[in-house]
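Below is one structure, written out as structure tokens; comments come after it.
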2 protein chains.
Amino acid sequence: MAISIFIVDDHYMVIEGIHSLFHHEKSVEWLGHATNAASCLAFLKQQLPDIILLDINLPDKSGIDLCKEIKTLYPTVCVIGLSTFNQQSFIEKMMANGASGYVLKNATQKELMDSFETVMKGRAYLSHEVAQMLRSHEATDDAPVLTRREKEVLELIAEGLTNNEMAEKLFVSASTIDTHRKNLLMKLNAKNTAELVKLAIVKKLISFS
Amino acid sequence: MAISIFIVDDHYMVIEGIHSLFHHEKSVEWLGHATNAASCLAFLKQQLPDIILLDINLPDKSGIDLCKEIKTLYPTVCVIGLSTFNQQSFIEKMMANGASGYVLKNATQKELMDSFETVMKGRAYLSHEVAQMLRSHEATDDAPVLTRREKEVLELIAEGLTNNEMAEKLFVSASTIDTHRKNLLMKLNAKNTAELVKLAIVKKLISFS
DNA sequence: CGCACCATCCCTTTTTTCCATGATTTTTCA
DNA sequence: TGAAAAATCATGGAAAAAAGGGATGGTGCG
């Protein structure tokens, strides 16, 4: 019984690459591909693959969110995250949203095949490099939990607003902002504003683009 | 006469994808691939392709630097930048270092073929999306040129050091640091340190991991 | 109810940054 | 070699942030 796979990636070359890796492989059935979240969901209404290879970055939605949706709608399919980035936060979010595995795009045919077989047995698969990285980062990189207000203030700090400006904008007194600021420095263990902003970006507490 | 190509990319799937796009194409001769800068340079000592498809991100060296080296050693080969990122600074640096073109990894076979033909005629090729983006971002997103010292100070600021600490570390007076700092604020057009750090990261003037 | 947590507010002192202005030496490179 | 750019240093004042303290009301939860 062949394993049926479906791939979601906005990079034509990656789709083509995986296709060419498996098109001669009898044990793998290529159901097709999608280049965005919407057409992926449309496809799944018609047909369910055993495994979905899902890129982290899609044009219309993050792969992380899409993974969650897929697992809610179709709990039986296995999702394997696919990315060029060996980034802990991505991997964790992906796995937290129900993914069965995570492989990097520099994986070989053998690694991919391994991942298929492993997840079909109901176990999780992390590619070699990913697993290694997770071990090394284990104790360090944990993002603190911020309150709604703290996040707001953090974003405004990074925009370059002063306490007084933030106070006006958020309709509170400057002292309140000052307190939030102190708490942020404490929670992120930052020495000052500069380090605070850097850590906030590194830990993906604020988004920018 | 077939166009000979060589590809440098650390992602197995991308190599495989491009290979599969062209292996049946008589007008394109596939010379091989490398997954890092060192083995690329080693290959070029043996044989020169017409076109090198060069990824921006390599494990041992940035594709931008490698492009410069290649064009210095072998001015006749055409380099086409290859990336998932549609980022102005990358594109500009790549072209400034002698690249003949820049295509995204979601390019189709036709687009790639176009790019080959265009650069072989001695003209530059930018894939559709790239050209469109450059037009829209024209006046805005340009990273300023920083001096060696300014970059050093910028990194230390993001680490959370104060002027006095940086002065000690760099064996200069605090006033000197202050001047660099002012110049940084001016060059990046930042209101204060917080925005400075954010912009520095957004514009990829400092690296973190 | 008591407890933890959040959001709000206030005060003081010290440190650091921001701004303006000006100047000298060193390096770079056309 | 000569001009331009970079790096260096300084003074002084205004503004902002950091660090320390303490305080009040509200909400959710076992």
Side-chain angles (χ1 to χ4, degrees), chain A residues 142-203 205-206, chain B residues 65 68-69 71-72 75 89 92-93 96-98 142-203 205-206:
Chain A
D142 50 332
V145 178
L146 301 186
T147 67
R148 189 194 97 256
R149 215 47 163 170
E150 283 164 353
K151 272 182 215 159
E152 267 181 296
V153 171
L154 182 53
E155 300 232 356
L156 294 178
I157 288 174
E159 295 295 324
L161 274 70
T162 67
N163 287 349
N164 287 325
E165 289 166 342
M166 287 185 267
E168 262 194 56
K169 185 152 197 159
L170 300 181
F171 305 107
V172 296
S173 95
S175 349
T176 306
I177 304 292
D178 198 54
T179 304
H180 290 312
R181 200 167 191 137
K182 276 189 287 194
N183 292 335
L184 284 168
L185 286 172
M186 201 175 49
K187 283 191 177 181
L188 292 201
N189 197 25
K191 286 197 282 289
N192 51 35
T193 303
E195 200 188 9
L196 176 69
V197 172
K198 192 201 66 168
L199 292 174
I201 295 179
V202 169
K203 291 176 189 292
L205 292 170
I206 55 182
Chain B
D65 294 340
K68 194 176 202 166
E69 285 183 46
K71 290 301 284 188
T72 308
S89 53
E92 277 174 357
K93 282 177 192 157
N97 281 355
D142 50 331
V145 178
L146 301 187
T147 68
R148 188 193 95 256
R149 215 46 163 174
E150 284 165 352
K151 274 182 214 157
E152 268 182 293
V153 170
L154 182 54
E155 301 231 355
L156 294 177
I157 289 174
E159 296 293 322
L161 274 69
T162 67
N163 285 351
N164 286 325
E165 288 165 344
M166 286 185 267
E168 263 195 55
K169 185 152 196 160
L170 300 180
F171 305 107
V172 296
S173 94
S175 351
T176 305
I177 303 294
D178 195 52
T179 304
H180 289 314
R181 201 168 191 137
K182 274 185 297 190
N183 292 335
L184 284 167
L185 287 172
M186 201 175 49
K187 282 190 177 181
L188 293 203
N189 197 24
K191 287 197 283 286
N192 52 36
T193 303
E195 199 187 9
L196 175 69
V197 171
K198 192 200 68 169
L199 291 175
I201 296 179
V202 169
K203 291 176 188 290
L205 292 170
I206 56 182

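All heavy atoms count here, side chains included; hydrogens, waters and symmetry mates do not. Proteins come first, then strands; the chains are lettered A, B, ... in the order of their sequence lines, and each starts at number 1.
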| Residue that, paired with Ile157(A), satisfies side chain to side chain contact (heavy atoms under 4.5 Å, CB included) out of Ile206(A), Leu184(A), Thr162(A), Ile177(A) |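 For Ile157(A), the side chain to side chain contact (heavy atoms under 4.5 Å, CB included) check succeeds only for Leu184(A).
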Do [X] side-chain and [N] base share a donor-acceptor contact under 3.5 Å?
| X | N | result |
| --- | --- | --- |
| Thr179(B) | dC9(D) | yes |
| Lys191(A) | dT16(C) | no |
| Ser173(A) | dC10(C) | no |
| Asp178(B) | dC19(C) | yes |

| task | Select from Glu165(A) and Ala190(A) the residue whose nearest nucleotide in DNA chain D is closer to the 5' end of that strand. | result |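 Per heavy-atom nearest nucleotide, the more 5' residue is Glu165(A).
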OP1 or OP2 of [N] under 4.0 Å from side-chain N/O of [X]:
| X | N | value |
| --- | --- | --- |
| Asn163(B) | dT16(C) | no |
| His180(A) | dC6(C) | no |
| Arg149(A) | dC6(C) | no |

| task | Would you mind reporting whether Arg181(A) and Thr193(A) have side-chain heavy atoms less than 4.5 Å apart? | result |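 Yes, at least one pair of side-chain atoms sits under 4.5 Å.
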| For the helix from dC1(C)-dG30(D) to dA30(C)-dT1(D), what is the angle between the axes at its two ends, each from 5 pairs, rounded to 10°? |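 One end axis against the other gives 70°.
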| message | Expressed as a whole number of angstroms, how long is the span from Asn183(A):CG to dG20(D):P? | response |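 Checked: the CG to P distance equals 13 Å.
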